[in-house]
Amino acid sequence: MTNDPTLLHQIDAGVKGRKRGHSYENELASRINSISMPYYKIRSIDKVVYTGSPVEILIDKILDYLNWDCCDKIEAYATGKLATSEKGEKEIFIEGRAITSAKSDIILIIYRSGEKKIIGVSIKQCNNKTPTNAQVFFSTATAFYNLVVTNGMDLSEKALKAMRQFCGDLGFRPLDDFDCSDRIPTPERYFWEEIDAEGKAEWEALFTTHQDDITRLLLQKAYLNDPFPPEIILHKTKKAPSFDNQEIAVFTMDEFIKLSRRYSPFTFNYYRVRKGSHKEPEGISHQAPRFGVVQMQRGGQKQHPTQLQFNLKAGY
């Protein structure tokens, strides 16, 4: 147990942030469950960004996705309590199936004339006045490597070594390999341009040739045995004046992946460490891997310093 007040504050802020996010998902699910039925589609969702009620925007998008004009009944289940419950509620049952972890933040069962469809929705939200990055995947280097390999993509042990160097896993840090007394960047991790060259080349080839597959893994298939992976993405882009007056970006998963690839192939941004105990002078810069609107970085938080983090670029 730590007594560091700064770290305790960071942990508390992270917990509060997750709870705030799940509060939004819970309210959205509750409002969907309260909407009058039958529901008739208000509009065809033929663009990405809308302003209005997220309930109506989401249901209209799902009806478009199903090629339905109306529905007779909707049941909405928020899954956030699986991650944040303080009362031991670590699974929910939907259609007789136990769910212990899910990439879908809301799961909807939607009915029409005897038909029934189950749709998973991934929810992202920002409560700042201007858009910020949205986290989509948080893992260890080894878990991400295993996820990629389990899903049929080829990587060698050198690729695993390279990603562990990038994250700064114990035994894979510069300080584990050589005398770092003259090193200007942090000795706690290797930057992307410094990792094992063959492993680095494998990752870059994978992100280049399998960009769509990797994006789908992060957004839809990160959990094994997930019975209802998300098919729709709903993103509250910034702080809103009221629940029924929000700026909402909404996509099917295929639409999002296609638009992300159109935005950018695999590339790099460059950055410099500008603060902290290893602040760097002008002339030192590091590669930050990017593909589409997805950014990859070492987490670096004090409570999870070696985690691998993927974010959606702010304002995409």
Side-chain angles (χ1 to χ4, degrees), residues 133 135-224 257 260-261 264-274 276-278 280 283-313:
N133 292 352
Q135 183 177 300
V136 295
F137 189 78
F138 198 62
S139 177
T140 65
T142 300
F144 178 61
Y145 170 88
N146 289 337
L147 177 68
V148 170
V149 171
T150 299
N151 279 273
M153 287 170 265
D154 292 330
L155 289 171
S156 73
E157 288 294 317
K158 289 186 177 180
L160 176 58
K161 174 186 175 182
M163 193 60 78
R164 297 191 72 180
Q165 289 176 323
F166 179 67
C167 289
D169 282 355
L170 184 65
F172 293 84
R173 304 167 299 176
L175 63 87
D176 297 318
D177 294 337
F178 59 89
D179 179 1
C180 291
S181 57
D182 294 328
R183 180 178 169 86
I184 296 174
T186 175
E188 296 288 341
R189 53 80 62 99
Y190 287 96
F191 291 88
W192 189 259
E193 67 278 2
E194 299 178 308
I195 62 177
D196 180 89
E198 292 182 45
K200 178 176 185 287
E202 286 188 44
W203 284 113
E204 293 178 0
L206 186 77
F207 292 139
T208 299
T209 60
H210 289 78
Q211 178 174 331
D212 288 6
D213 296 325
I214 297 297
T215 305
R216 189 178 298 277
L217 280 185
L218 299 174
L219 289 164
Q220 191 179 42
K221 297 184 176 181
Y223 295 125
L224 296 176
I257 291 169
S260 181
R261 176 169 24 90
S264 173
F266 175 77
T267 187
F268 302 106
N269 286 349
Y270 288 86
Y271 71 100
R272 177 166 56 91
V273 178
R274 299 177 181 272
S277 57
H278 293 282
E280 296 170 351
I284 294 180
S285 62
H286 305 294
Q287 294 177 339
R290 304 285 189 263
F291 48 95
V293 298
V294 178
Q295 306 173 341
M296 184 179 80
Q297 66 190 59
R298 178 184 188 256
Q301 300 92 339
K302 286 188 177 180
Q303 64 270 41
H304 300 295
T306 65
Q307 295 287 80
L308 184 65
Q309 182 172 321
F310 294 85
N311 298 321
L312 300 184
K313 178 182 180 295

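Counting begins at 1 with the first residue of the sequence.
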Extract all donor-acceptor atom pairs below 3.5 Å that involve side chains of residues 285-293 and protein atoms in other chains or at least two apart in sequence.
| from | atom 1 | to | atom 2 | distance (Å) |
| --- | --- | --- | --- | --- |
| H286 | ND1 | E193 | OE2 | 2.7 |
| H286 | NE2 | E280 | OE1 | 2.9 |
| H286 | NE2 | E280 | OE2 | 2.8 |

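Of the candidates K200, R189, R183, E194 forms a salt bridge (Lys or Arg N to Asp or Glu O under 4.0 Å) with just one, namely R183. Here the options are Q211, Q220, R216, the test is side-chain contact (heavy atoms from CB on, under 4.5 Å), and the partner is I257; only R216 passes.
For the pair F191/V273, a side-chain contact is recorded, criterion being any heavy-atom separation below 4.5 Å from C-beta on. Side-chain contact between F166 and L308 is present, with heavy atoms from C-beta onward closer than 4.5 Å.
Of all heavy-atom pairs between T140 and Q307, the closest is CG2-OE1, 3.0 Å. Contact between E188 and P174 at its shortest, heavy atoms only, is C-CD, 4.2 Å. I195 approaches A162 most closely through the heavy-atom pair CG2-O, 3.4 Å. Taking every heavy atom of both residues into account, Y145 and L155 meet most closely at OH-O, 3.3 Å. Nearest heavy atoms, P305 versus R298: O-CZ, 3.2 Å.
Annotation: F144 is in aromatic contact with F310 [ring centroid separation under 6.0 Å].
Residue pairs meeting the side chain to side chain donor-acceptor pair (under 3.5 Å) criterion with at least one member in residues 149-158, sequence neighbours excluded, are S156-E202, K158-E198.
Q309 is linked by a side chain to side chain contact (heavy atoms under 4.5 Å, CB included) to Q135, F138, Q297, Q301, N311, counting only residues two or more places apart in sequence or in another chain. Listed by chain and residue number, nothing satisfies the ring-ring contact (aromatic ring centres under 6.0 Å, His included) test with Y223 (two or more places apart in sequence, or in another chain). Residues that satisfy the side-chain hydrogen bond (donor to acceptor under 3.5 Å, both in side chains) test with S181, not counting sequence neighbours, are D179. Partners of D176 under the side-chain hydrogen bond (donor to acceptor under 3.5 Å, both in side chains) rule, at least two apart in sequence or in another chain, are R173.
Defined by atom type and a distance below 3.5 Å, a donor-acceptor pair is present between the side-chain atoms of Q295 and N133.
Within the model, atoms CG of L175 and OG1 of T186 stand 8.0 Å from one another, a figure rounded to the nearest 0.5 Å. In this structure, S260 OG and I214 CD1 are separated by 12.5 Å, a value rounded to the nearest 0.5 Å. Between D169 atom CG and K161 atom NZ the span is 13.0 Å, to the nearest 0.5 Å.
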task = With side chain to side chain contact (heavy atoms under 4.5 Å, CB included) as the test, would you mind laying out the steps for F137 and L147 before giving the verdict?
result = CA-CA 12 Å; F137 189 78; L147 177 68; 3.9 Å; yes

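The environment of I184 atom CD1 is sparse: at most 12 non-hydrogen atoms of other residues, nucleotides or ligands sit within 6.0 angstrom.
Using a distance-only test at 3.5 Å, with no hydrogens or angles considered, no donor-acceptor pair links the side chain of E204 to the main chain of T267. For the pair Y190 (side chain) and R164 (backbone), a donor-acceptor distance under 3.5 Å is absent.
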